[in-house]
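Treat the numbers as computed from the prediction; the structure is a model and nothing was measured. Chain identifiers are assigned alphabetically (A, B, ...) following the order of the sequence lines, protein sequences preceding nucleic acid strands; residue numbering begins at 1 within each chain. Only this structure's heavy atoms are used, side chains among them; waters, hydrogens and symmetry mates stay out.
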Amino acid sequence: MTKKNPQEIFTKPILEWWHKSGRKDLPWQKEKSLYKTWVSEIMLQQTQVKTVIPYFLKFLSDFPSISGLANAKESEVMSHWSGLGYYSRARNLHKAATIIKKEYGGKFPQNFDQIVALPGIGPSTAGAILSLNKIEPRPIMDGNVKRVIARHFYVEGDLSKGDSKNRIWKLTESCIPDSEFDVFTQAIMDLGATVCLPRKYKCEQCPVNQSCIAKRKNMVESLPQKKARKRKKKTEYNFMVIRSGEDFLLERRDSNGIWPGLWSFPTLEINEKVRPWINSYIGVSNSYELSYMDPFIHSLSHIDIKINPIIVDVNDYKTDTISKDMIFIKRQKIKSLGISKAVKKIIDEL
DNA sequence: AAGACGGGGAT
DNA sequence: ATCCCAGTCTT
């Protein structure tokens, strides 16, 4: 049996399908630019389109250009990421903008090696930026593409490593057309996002269902191979909500670990005694009143955090302990900081 | 190669 | 509950 050219059996039907049924009105597709593609690709890492859209619109409205982003303060960029998650993306985005300003005169580089060297940009995102802007045919290797290729060409194994990883990249490269490679890059993602879905796949709508090996073998459901899930860890924190009227005390978190560099309530390990901590923190001579919010579970992909918010109402807080990484701030101004969903939830409920 | 890194949508 | 999302970086 001779192998048919993937361009004929796979690429062509998908291109035709896209012109009829592909997505063409996403915010970052209008007046496309390297900058818009870059920002959107970063936001879309592990994040759904629907979630990204409002963040993208606000971000582009406030940082309309690379130089504008480079000139902004990091804290201002972080506040635009509040609630979106994976906050190193924001820090890297800002850092990369300053690099582009300094090294490339504010113009986004068009060379793959230069792009992939920027912080926060890996091989998939670099390829997407070049391909979608019709600069160079490069594969994007996101969850959609992995699923479509793995099913159609029947690629088994964990696609993130070893032989399977190599195969999926080579196969995808062999499918990219010479001319409409920008359309193809968008099209194969759209196919994965709207037809070749993880579970409720719609093979009857698929332009390449005749040649799909997984479908012929009745193995669509089992591809791509899902990685074994680790058992989620659990942990528990006390969030110390130090309040004086409408003012809240916030601390900047460490640059490592969860919510790196974001503003948050002082956080105690569960084994740390609360009252001694308060006494040493606000001064043993100051009076305060304790109250408690209902604990809640903040669930992340790799850990479940039980959070106990402990409200400490103080009359007057001595602001001489305020430092660069600690602020006493009005409720209404908190949204101008980079904060996590957990902090936002607590503030909103008080 | 494995783990860390957020939060939410869909089922 | 569980899977998975336009992945990258660190260890």
> For A/Gln48 and A/Lys230, take the nucleotide of DNA chain B holding the closest heavy atom to each; which residue's nucleotide lies nearer the 5' end?
A/Lys230
> Check whether the side chain of A/Ser299 and the base of B/dG6 form a donor-acceptor pair under 3.5 Å.
no
> Which residue lies toward the 5' end of DNA chain B, A/Thr51 or A/Gly162, if each is placed at its nearest nucleotide?
A/Gly162
> Could you tell me whether A/Ser340 contacts a base, only the sugar-phosphate backbone, or nothing, with contacts defined as non-hydrogen atoms closer than 4.0 Å?
sugar-phosphate
> When all nucleic acid strands are considered with a 4.0 Å heavy-atom cut-off, which category describes A/Ile258: base, sugar-phosphate, or nothing?
sugar-phosphate
> Considering only the P atoms, how many Å lie between B/dT11 and C/dA6, rounded to the nearest integer?
14 Å
> Describe the nucleic acid contact of A/Val49 in one word from base, sugar-phosphate, nothing, applying a heavy-atom distance below 4.0 Å.
base
> Using atom P in both nucleotides, what's the gap between C/dT11 and B/dG6 to the nearest angstrom?
15 Å
> Using a heavy-atom cut-off of 4.0 Å across all strands, would you classify A/Thr125 as base, sugar-phosphate, or nothing?
sugar-phosphate
> Could you check whether A/Lys233 gets within reach of a base, just the sugar-phosphate, or nothing at all, counting any heavy atom under 4.0 Å?
sugar-phosphate
> State, yes or no, whether a side-chain contact exists between A/Cys206 and A/Trp17 at a heavy-atom distance under 4.5 Å.
no
> Would the number of heavy atoms belonging to other residues, nucleotides or ligands and lying under 6.0 Å from CD of A/Glu204 be above 12?
yes
> If I pick the C1' atom on B/dC5 and the same atom on C/dC5, what distance separates them, to the nearest angstrom?
14 Å
> How would you label the contact of A/Ser88 with the nucleic acid (heavy atoms, under 4.0 Å): base, sugar-phosphate, or nothing?
nothing
> Please confirm whether the backbone N or O of A/Ile258 pairs with a side-chain atom of A/Arg253, one donor and one acceptor, at under 3.5 Å?
yes
> For A/Ile42, does its backbone N or O pair with a side-chain atom of A/Arg89 as donor and acceptor, under 3.5 Å?
yes
> Do the ring centers of A/Tyr55 and A/His80 come within less than 6.0 Å of each other?
no
> Between A/Trp81 (CH2) and C/dT8 (C1'), how many Å, whole number?
13 Å
> Under 4.0 Å, heavy atoms only, any strand: does A/Arg23 hit a base, just the sugar-phosphate, or nothing?
base
> On DNA chain C, does the nearest nucleotide to A/Tyr86 precede the nearest nucleotide to A/Arg199 from the 5' side, or the other way round? Give the residue.
A/Arg199
> Quickly work out the A/Asp304 CG to B/dA4 P distance and round it to whole Å.
13 Å
